[in-house]
Structure formats: C-alpha cells, structure tokens
There are 2 protein chains.
Amino acid sequence: MSQHRHPGAPGRAGAVPALPDLPEATVARLPEYLRALHNLADAGHETVSSEGLANAAGVNSAKLRKDLSHLGSYGTRGVGYDVALLIEQIESVLGLTQCRSVALVGVGNLGHALAGYDGFASRGFRIAALFDADPARVGEEINGLVVRHVDELPRVAAEQLISIGVIATPASAAQAVADQLVAVGVTSILNFAPCVLSVPEGVDMRKVDLAIELQILSFHEHRKASLTALPGTAGSALTALPGGLAATDTQEAIGT
Amino acid sequence: MSQHRHPGAPGRAGAVPALPDLPEATVARLPEYLRALHNLADAGHETVSSEGLANAAGVNSAKLRKDLSHLGSYGTRGVGYDVALLIEQIESVLGLTQCRSVALVGVGNLGHALAGYDGFASRGFRIAALFDADPARVGEEINGLVVRHVDELPRVAAEQLISIGVIATPASAAQAVADQLVAVGVTSILNFAPCVLSVPEGVDMRKVDLAIELQILSFHEHRKASLTALPGTAGSALTALPGGLAATDTQEAIGT
DNA sequence: AGGCGCTTGTGAAGACGTGCACAAATCGCG
DNA sequence: CGCGATTTGTGCACGTCTTCACAAGCGCCT
C-alpha cells in the first residue's frame, strides 16, 4: 500500500508501469468496473464520477476510488474519470490488450455451453481448442471448433500458446486433466469440476462450483425462515414483501 | 449482518440450536467440507481428523477447526470428527435436510446446461420449473421438464414453493426477471447474467460471471509474464515446470 | 490407575478489506 | 483573478478473516 508513491521523478517513464501489485479483492472487482465502463462508453458518456461508476458496478463509491487509486491517478478532481482512458488502463492491467487463448477440456453438458458462450469472445478470450476423453465425442463440431482427443493436448499446445485452461469434466477426471494442462505449460486454470485440485506452485487456480452457490443460498434461506419463526425482533421486509420493490441496490454477499 | 449477538443465556435449551450466526466466509466453505465428507463416507471412513478433512477440502486445518467450532463441538479430542455426525450437522445448518426447489429462468446456451446438470439433484436441489421469454423455446422439453413462458411464473410459484431462483438470461432481460422472481416471493437468487441487479432488502443475491473469472486469471497470467521478463528475483517454478508435479496442495486464490 | 501421545477447541496477534470523512485539486463563472 | 462547487485521493479507524501456538481433553497402553 505504500510503495513507489513516486512523487514525480519522470526519470524512466518506461513502458512498464512498475507492477502495482494490486490487492486481490481489487483485482476481482476490476472486471466489473470494466464492464460498467463499456456500458457507459456505449451510452455515449465521456466521463463518469466515482459515484456514477460505483452505482453502475454495484459497489460503494469509496471502495471504487480506493481500487482505482491503486492503479494510479487517472481521474480529474472536480470532473471524474475519463471513460475511454480508464477502460484502456484497466484492460492493460488485466492483461487484456492481447487476445488470450483458452483450451476447454470436457465437452459434456456444461462444456458445450461454455464452448458456445459468446461472453468469452466479447471480452477478448478466444476458445482455441476443445478436448474430451470420450472417443464418441471426438470429432464433433461445436461452434466452428472440432473436438479433439485429450491426448492431442501436447501437440495442439505446441502449435499455439494456451493462456488458460478450463476444466469442465466430471470430478473423477479433473485431477488428471489438470496434470496434463500443467505438463504442457498452462499456468492458469479455471475448474468447474466439483473437487479439489492440486497444482504446483506458480500455477493459478480458480474454481466455480454451481452447487456450492446454491448451498450458500440455501443457508441464508434457512436462516431467514428460522428468524420469521422466532419471536421476531427484526423481520421487517421478510414477512411480507413490499410489492413496490423499492430497489435499494443492496446487493448482499457476493462472495468476497 | 450483526444482529442478535445473544450472549449465551442457556435458559431455553430448545430444539433450535440458537442460530449460530456463522461468519460468511465459514458458510462459503461448509459446502466444500460437506462434499469432502461425503467422499470420505463413501470411502468407508468413520472418523476423520481435522488435518485429513482439511486436506480433502483444500484448506488449512486450523481454519477448518475454527469453522467447525462455530457450529458447536462435534469432534472428539485425540480421535477426530465422526463423519456421519458431521455430515448431518452441516446439512442441518445449511438447510439441506429438506429438498429445495429451484426455478430456472432462461433456457439458452447456459440455461440448457444448468437444466441438465446432475450436480444439483445430487446435492438436494430439484429443478422445479424452466422458463423462457422466447416463444420459440416454450414447450421444449429438457431433461423431463417442459419450458414454460416466463409470464406463467406467478401461477407456477403459487402451486409449489420456490426456494431459489436462477437467472440465466441475457443481461438485458435479467433485471426484469429478477423483479418478477421477487414479486412472486423468491428471496434467494443466483444470477449468471453479466450485469448488476437491484433487489430489495431481505433478498439474497449471488452472482457467477464466467468471463470475470477468466479476466482475473488473465491478470495473474499477465503479472507472471511481467515478472519473468524482469531481472527476476523469484521465478523458480515459473520458467521450467517440474515434471514431477510435486503437488503441494497450494490452491491459490479461490476467490473468496 | 497413571502416563503418554494425539487431536480438538480457542485466545491472541497479525493481515486484510471496508467505509468514513476530509484535505487537495480542478473547473466554471462572475 | 478569485471564489465556490464539485470530485478525487487518502489517512485513519473499525470490523472481518486467517494463522499460530498451546492448553484442555480423550483414548490407549502398560
């Protein structure tokens, strides 16, 4: 939080912005800001205040300012942030200036949907190859891509640089697939299989488990039900919902 | 998030375990513990130590013990935790003792996959109804369920209690769908649409954005690339991967 | 019965993230 | 040119989460 405040000293002015080393929580919110900024740009806005952008991204304005301050001072006091400039900066920090290639392993139920998801391409990700272990699925064409056998992974990875591997296999196959991805040099993995994966140090790993999200919601549902059943000190909006849905943008508990 | 501290007062000792009021971070990990426990039970284990369960769930053993201590003392010192008992307790806390009904709105690319995802049913969730706004999709049968028009939501919700609503529509339709879900009494929503949704107080809302996950990985990938390009103080496992994949269960940055 | 090894449960300290509140900076206008 | 309105950037305090380290408790073996 207190390195290179760098009062001026334009000595180097190199291309590398000195690796700001952002807090993880901030990194997780930058994509949200980026999406909001694209929306604003499409709507014709040239500048936006922290309040406005915070609303569009569903966060507190103080938090947003602190987040953005970590990447440098790209706002103008009294005015706000230049939308185009901020988009450029965030994309630069996130490494989205180059199109990143994604290898998707497991073309089952979920894999099919991911292969056809257009939200990837629109954010600068290109699905470079599809793999599956089931011979019955190999050869199938999805969204213009042919499914290959997972054993061909090394050959395909040698031809084109794979930035990110996505695992959408059953849990039983996930660890083996992760090992294969690591073996061909993939250092970032997104795992949809409901299991814990071990990867060597230096490999980044994120997990998305749909059932877990439902279970967390189930807990809160359960808690709310218990509360209404009790004597009830606080149960205002819980017992009978206001038909007006006043829509205070309350957004609770997005998962840290 | 800070109500009823409720300092003890063992006067009641009723059947209700006093609403432990778990930390949110703990709640988010309980489903992971639960899955690991089921695996252990299937493997025939009767008890498990905090170390063993922590490994299976991919967390620190101290964290696991503290998490479990929040639901009470269900372990035996010198022995460990009774697997079956712990499963029972966690399921009770998460409200999974009853089967919860899920309404899925948006049967596009992703919605299709979700409707067919068997990971829901196996965790006690039942997809009770499918909805879409596109008349061309209404009537289609997926996994034994017929897609209905979203306008029928009130009627269907009146017939059966919906615990959780899942939004898998395009971003442009998501807010309207959320409003409709809230209007019929749904108080827990899982949103897959890439946009911010406003819901009234008392409604819990979680979001899963696949593109954001990739962008977070992209950041780390970008950072790692910048590091290797620099003088290089630390670049041990990054430059050349060890073929042995020693598999220290390092699991970095799961998103909390 | 007593001691020993093992494991849980927890106090305390540190790291991290959040939000308030305000000084500093900028623009526009008279 | 100066002033007020506006908005950023940030120091500070607070709450949450994580991790360490160890006392308390339990079972087993002698």
Side-chain angles (χ1 to χ4, degrees), chain A residues 1-8 20-30 32-33 37 45-83 85-86 89 249-256, chain B residues 1-3 5 8 20-30 32-33 45-83 85-86 89 249-256:
Chain A
M1 188 71 78
S2 61
Q3 309 139 292
H4 56 76
R5 182 58 28 214
H6 201 51
D21 200 14
L22 306 171
E24 194 56 35
T26 295
V27 174
R29 282 187 295 263
L30 286 182
E32 202 84 46
Y33 302 156
L37 283 166
H45 292 73
E46 302 244 324
T47 64
V48 65
S49 70
S50 67
E51 190 73 29
L53 182 52
N55 274 2
V59 301
N60 187 304
S61 71
K63 195 180 337 195
L64 179 128
R65 286 200 299 277
K66 185 150 293 193
D67 282 343
L68 293 187
S69 76
H70 286 130
L71 7 148
S73 285
Y74 295 107
T76 308
R77 297 178 188 221
V79 178
Y81 297 91
D82 182 299
V83 173
L85 176 63
L86 201 49
Q89 284 304 322
D249 48 359
T250 325
Q251 290 286 115
E252 355 185 2
I254 293 287
T256 114
Chain B
M1 201 58 84
S2 61
Q3 306 139 294
R5 179 63 28 207
D21 200 13
L22 306 171
E24 195 55 36
T26 296
V27 174
R29 282 187 294 265
L30 286 183
E32 202 84 47
Y33 303 156
H45 292 72
E46 301 245 327
T47 64
V48 64
S49 69
S50 67
E51 190 73 28
L53 182 53
N55 275 1
V59 301
N60 188 306
S61 73
K63 192 175 348 193
L64 178 126
R65 284 200 301 275
K66 182 145 291 196
D67 282 341
L68 293 188
S69 77
H70 286 131
L71 5 148
S73 286
Y74 294 108
T76 308
R77 299 178 190 225
V79 178
Y81 297 92
D82 182 298
V83 173
L85 176 63
L86 200 49
Q89 284 304 321
D249 49 358
T250 326
Q251 291 286 113
E252 353 184 5
I254 291 289
T256 122

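Below, chains carry the letters A, B, ... as their sequence lines are ordered, and counting in each starts from 1. Quick caveat: nothing in here was measured; it's all calculated off a predicted structure.
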What is the distance from [atom1] of [X] to [atom2] of [N], rounded to the nearest Å?
X: Arg65(A); N: dA25(C); atom1: CZ; atom2: P; result: 16 Å
X: Glu51(B); N: dG5(C); atom1: CD; atom2: P; result: 19 Å
X: Leu22(B); N: dC17(D); atom1: CG; atom2: P; result: 11 Å
X: Leu53(B); N: dT7(C); atom1: CG; atom2: P; result: 14 Å
X: Tyr81(B); N: dG25(D); atom1: OH; atom2: P; result: 16 Å
X: Leu68(A); N: dG19(C); atom1: CG; atom2: P; result: 15 Å
X: Asn55(B); N: dT7(C); atom1: CG; atom2: C1'; result: 15 Å
X: Asp67(B); N: dT16(D); atom1: CG; atom2: C1'; result: 13 Å

Report which part of the nucleic acid Thr26(A) touches: base, sugar-phosphate, or nothing (heavy-atom distance under 4.0 Å, all strands).
-> nothing

Donor-acceptor pair under 3.5 Å, Arg77(A) side chain vs dT26(C) base =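 Result: no qualifying N/O pair found.
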
With no angle test and no hydrogens, is the base of dT19(D) tied to the side chain of Lys66(B) by a donor-acceptor pair under 3.5 Å?
-> yes

Would you mind telling me which residue lines up with the more 5' stretch of DNA chain C, Ser69(B) or Gly78(B), judged by nearest nucleotide?
->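 Looking at DNA chain C, the more 5' nearest nucleotide goes with Gly78(B).
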
Selected nucleotide, minimal atom distance to Asn60(B) side chain, candidates dT19(D), dG17(C), dT18(D) = dT19(D)

Contact under 4.0 Å: [X] side-chain N or O vs [N] OP1/OP2:
X: Ser50(A); N: dT8(D); value: yes
X: Ser49(B); N: dT7(C); value: no
X: Thr76(A); N: dT8(D); value: no

Distance from Asn60(B) atom CG to Glu51(B) atom CD, nearest 0.5 Å?
->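 It comes to 8.0 Å.
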
Check: Asp67(A)/Thr26(A) side-chain N/O donor and acceptor closer than 3.5 Å =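 Note: Asp67(A) and Thr26(A) side chains meet the donor-acceptor criterion.
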
Please name the pair of heavy atoms, one in Leu64(A) and one in Tyr81(A), separated by the smallest distance, quoted to 0.1 Å.
->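 Closest heavy-atom pair between Leu64(A) and Tyr81(A): CD2-CE1, 4.4 Å.
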
What are the two closest non-hydrogen atoms of Ala57(B) and Glu32(B), and how far apart are they?
->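 Closest approach of Ala57(B) to Glu32(B): O-CG, 3.7 Å.
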
Is a side-chain N or O of Ser49(B) found less than 3.5 angstrom from the main chain of Gly52(B), in a donor-acceptor match?
-> yes

